[in-house]
Amino acid sequence: MPVHVLPRDGKQKNTVPTHLTVIPIPLICINTDFTGKAVKGNVSWKGPLVSLPEDNFVIKVVIEGKDDSPSTSINVILFGHLAKDFYSAAKIADVVVASGFTVGKSPTAHKDKLHPYNLLLKGDNAFIYAPRPAKIVKYTYTKIADLKAGTVVNVYGVVVFFKPPYQSRGTDICSSVNIIDQSNRKVCCTIFCAKITAHPQILRVGDIIRMHRLKAQSFNGTLNLISTAGFSVVTFDGAVDRPIEPRTSCRSFVFDEDDRLTVEELRSWAATNSVLPPTQMVVLSEVQPNTFFDLTCQLLAKATVDSNCVMLRVWDGTRCPHKMLNVVPDPNSTDGPTSFPDQQKDFILNIFVYDNHVQQAEQLKPGDFLRVYNIHASLGSDKEPGVRVDTGGEGCHLTLALHGGTSYGKGIQVIPETSPDLMDMKRIMNNIVDDIKDSPSDSDMLDVWVTPPESPDCLLQFCIGRMCTHRLQSVSLAEVKQSDPGGRHHVRVQLKSYEPQLLYQSLKLHCSECLTLQEVPDDDAVARIFEEALGDSRLSSPAWLIPIPISSTHRSKMAYVFRQVATNVRSNGGLLLRGCTLEEACQLTTLVTNVVPVRESEGRIALLDLTAPFLFRGKRRFYGCKHCSNAQLVVPQWQGVHTINEELVAKAFGIQMLKYVLLFKLELQDATGTLDALLWRDAETFFSVSADDAATNQEAQDNIRQTMDFLCPQEGSKAERPWLEVCLATYQPDDSQNQTCYQICDTTVHRPA
DNA sequence: GCTTAGGGTTGG
């Protein structure tokens, strides 16, 4: 094969075979023998592979030398299998070396302003040295029985014991995991990483784990494994029938067919060889006194008891048969509701969390799904520190405690809401909530008039909560109105009404430079701009498409007709589009990633008026600020760029890009009155929807609609208005000295999966 | 750059 491949990553990166002498591209001329000579440069443009009759191929590329003089870029035409191999082996920006070429007159020199001659690579003497594609890293895994002290290894195993991550006495977070594999040996692994996200995401004993770069060392006569620099980990559900979904925070990791097989083998080996210890997982209805157990549950509220103890109020949808302490937490130190509907009370248990676990417990939010490991269920003591206890006249109660320390894997983990492990529990919880809704008791009705009721919806189906970290007591809206601007308040409110009712009107464009908000231009306005740009050009010439090359200086002057260029353009990044309607442009966006609409102005190509999007990327449209842009169509300089995105385009053309934002005015109410608050800066957090998505994506729009319908049920709906815990910021806008404005911040609406 | 932990409870 005439395409010789050089390693991309090794020291030979720029090696030219010793028998060749590299000559500068400007020295290329005709009537000269270039035997033993080579040309070196990077690929700045690569045309499509053109298939010819009789299994022949041709490809045209541009190679750019290092100097800046205009004649350093030269067209290179490759024929036959050389063309085919080069097409798949080399990409833009690769450094290549060509030899054995002949020199011809470049027929396109007057148009493309490149080198007056071109290089023709054809026949057995022609060579082009291209780099080998990035080496695919293949990891090897050591069986546990084969571990040797002092070696750094990669391992696979089944988790038989683990400690969820906890703060060590040093600088890192520590987690422990013990694994076994088919070699039937167990090994203890200790992982130190500063970031919690780099730790294994183990959800239960039996999970499959893969770890890279662990060092085997001897301690007390036994080998163990400890994380080293570059440690990485992926975990998988251990159940045979579940899909193999890697749990990792690592953005790029290798997972191939062999890995899939390894996971499957470990799963079935563990399933058939009873290698796992009996589960400690128990539901609340099965809790026995004087035992230790693991619990999967949802956090409803939490209350600080003292500096060494936090009480978690949880449920798992089952009823605990034992008599519990009736704890009345102090509302001032409670996060989440302090009272619950009578029918739900039976399901709620309190877990006292001590010492080193307090810090972690404080990070938890009502609504979180948790796994609490090694809870101690004990009978007895009526005395809990710092909380008022109603013993109901009897002495023996069940107390649940997560004691200090990490022995037996004691700890708390938040379980991803989408985890399949939660499905059954969530279904049971939903049934309970539905039952409660269907049979409101008199006492609940009474409660409505005394204190705002805790809607079960609010706790389970839509858990609304503040995400801010500051701790403030809830205040009334009347108190907020009396306060000085510039502060933050937590309020407990209902949503009385909101604007705009038509959701698409809430979508605006914001300029981060001049800070103005603008309406999103409607299609009619944009279509008119396209029509104006069309002018008479349509009658005289076809719609021209001008590919935006990724890495070339002079290519944009080349024009192609649609069909010829569509595939080429897709691989090159984008195109400039002239002479078509908005509708046609939209059709084209399904074929080409980046479409920049342009017009002809005094014989030159220019950008459209900025009322129209300056860029179409699929369904997404990007607009520029008319005040802050200095828009000019120039030949973009994108050396070495592999993907063109909106930022690159905006920067190249001097456009100050506008960002989509959502803007609502919410009328909040509580017993003391109403207050208008803006939902804007943190609207994306509030809805868990990006404004970009809301601009293009029906699902995102539906999400917003559903959230609004829930918070503020439509006329005729039986649903009650839920109470919300909201964080409000008060401020004085720059342009008005006397007016105080309110904005909702750091508040989110959690919705069910 | 080095250390952290090194499973195995019974309590507030």
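Just so it is clear, the model here is predicted, and its values are computed rather than measured. Lettering of chains follows the sequences in order, A, B, ..., and the numbering in each one begins at 1.
When each of A/L295, A/L300, A/I348 is tested with A/V314 by the rule side-chain contact (heavy atoms from CB on, under 4.5 Å), just one qualifies, namely A/L295.
Spacing between atom CG of A/N220 and atom C1' of B/dG7 amounts to 13 Å, rounded to whole angstrom units. B/dT4 atom P lies 15 Å from atom NZ of A/K163, rounded to whole Å. As rounded to whole Å, 15 Å separates atom C1' of B/dG11 from atom CG of A/L379. Between the C1' atom of B/dG12 and the NE2 atom of A/H376 lies a distance of 12 Å, rounded to the nearest Å. One interatomic measurement links the two molecules: NZ of A/K186 to C1' of B/dG8, which rounds to 10 Å at whole-angstrom precision. Between the C1' atom of B/dG12 and the NE2 atom of A/H397 lies a distance of 18 Å, rounded to the nearest Å. Taking atom CZ of A/F162 as the reference point, atom C1' of B/dA5 lies 17 Å away to the nearest angstrom. As rounded to whole Å, 13 Å separates atom C1' of B/dG12 from atom NZ of A/K410.
Taking the charged nitrogens against the carboxylate oxygens, A/D146 and A/K143 have no contact shorter than 4.0 Å, which rules out a salt bridge. A salt bridge between A/R267 and A/E264 is absent, with no side-chain N of the basic residue lying under 4.0 Å from a carboxylate O of the acidic one.
Taking 4.5 Å as the limit, every side-chain heavy atom of A/D421 sits out of range of all side-chain heavy atoms of A/T296. Side-chain contact between A/Y156 and A/D259: present, with at least one pair of heavy atoms (C-beta onward) separated by less than 4.5 Å.
Listed nucleotides B/dG12, B/dA5, B/dT4 differ in distance to A/H403; the shortest reach to its side chain belongs to B/dG12. Side-chain proximity of A/D172 to the nucleotides B/dG6, B/dG8, B/dT4 is greatest for B/dT4. Closest to the side chain of A/F292, from the set B/dT4, B/dG6, B/dT10, is B/dT10. In this structure, the nucleotide among B/dA5, B/dT4, B/dG12 sitting nearest to the side chain of A/Q217 is B/dA5.
A/N290 comes within contact range of no nucleotide atom at all, as no heavy-atom separation falls under 4.0 Å. Counting non-hydrogen atoms under 4.0 angstrom, A/I226 reaches a base of the nucleic acid. Within the nucleic acid shown, A/S407 comes within 4.0 Å of sugar-phosphate atoms alone, with no base atom in reach, counting heavy atoms only. Residue A/N374 is classed as a base contact, given a heavy-atom separation below 4.0 Å to a base. Among the protein residues, A/G404 comes within range of the nucleic acid bases, having at least one heavy atom under 4.0 Å from a base atom. A/Y166 comes within 4.0 angstrom of the backbone, heavy atoms only, and of no base. Counting non-hydrogen atoms under 4.0 angstrom, A/N178 reaches a base of the nucleic acid.
When each of A/N308 and A/S176 is assigned the nucleotide of DNA chain B with its nearest heavy atom, A/S176 is the one assigned upstream, toward the 5' end.
The aromatic ring of A/F352 does not sit over the base of B/dG12, since the test of centres under 5.5 Å and planes under 30° is not met. By the 5.5 angstrom centroid cut-off and the 30-degree plane limit, A/Y354 is classified as not stacked against the base of B/dG11. By the stacking rule of 5.5 Å between ring centres and under 30° between planes, A/F192 stacks on the base of B/dT4.
B/dG6 and B/dT10 are spaced 22 Å apart, taking the C1' atom of each and rounding to whole Å.
Look at A/R169 and you'll find a side-chain N or O under 4.0 angstrom from OP1 or OP2 of B/dA5.
A cation-pi arrangement, defined by a distance under 6.0 Å to the six-membered ring centre and an angle within 45 degrees of its axis, is present between A/K426 and A/F369.
Taking the syn range as angles within 90° of 0, the glycosidic angle of B/dG7 is outside it, so the base is anti.
Within a 6.0 Å sphere centred on CD of A/Q359, heavy atoms belonging to other residues, nucleotides or ligands number 12 at most.
Looking at A/D306, its side chain has no donor and acceptor atom pair within 3.5 Å of the base of B/dG12.
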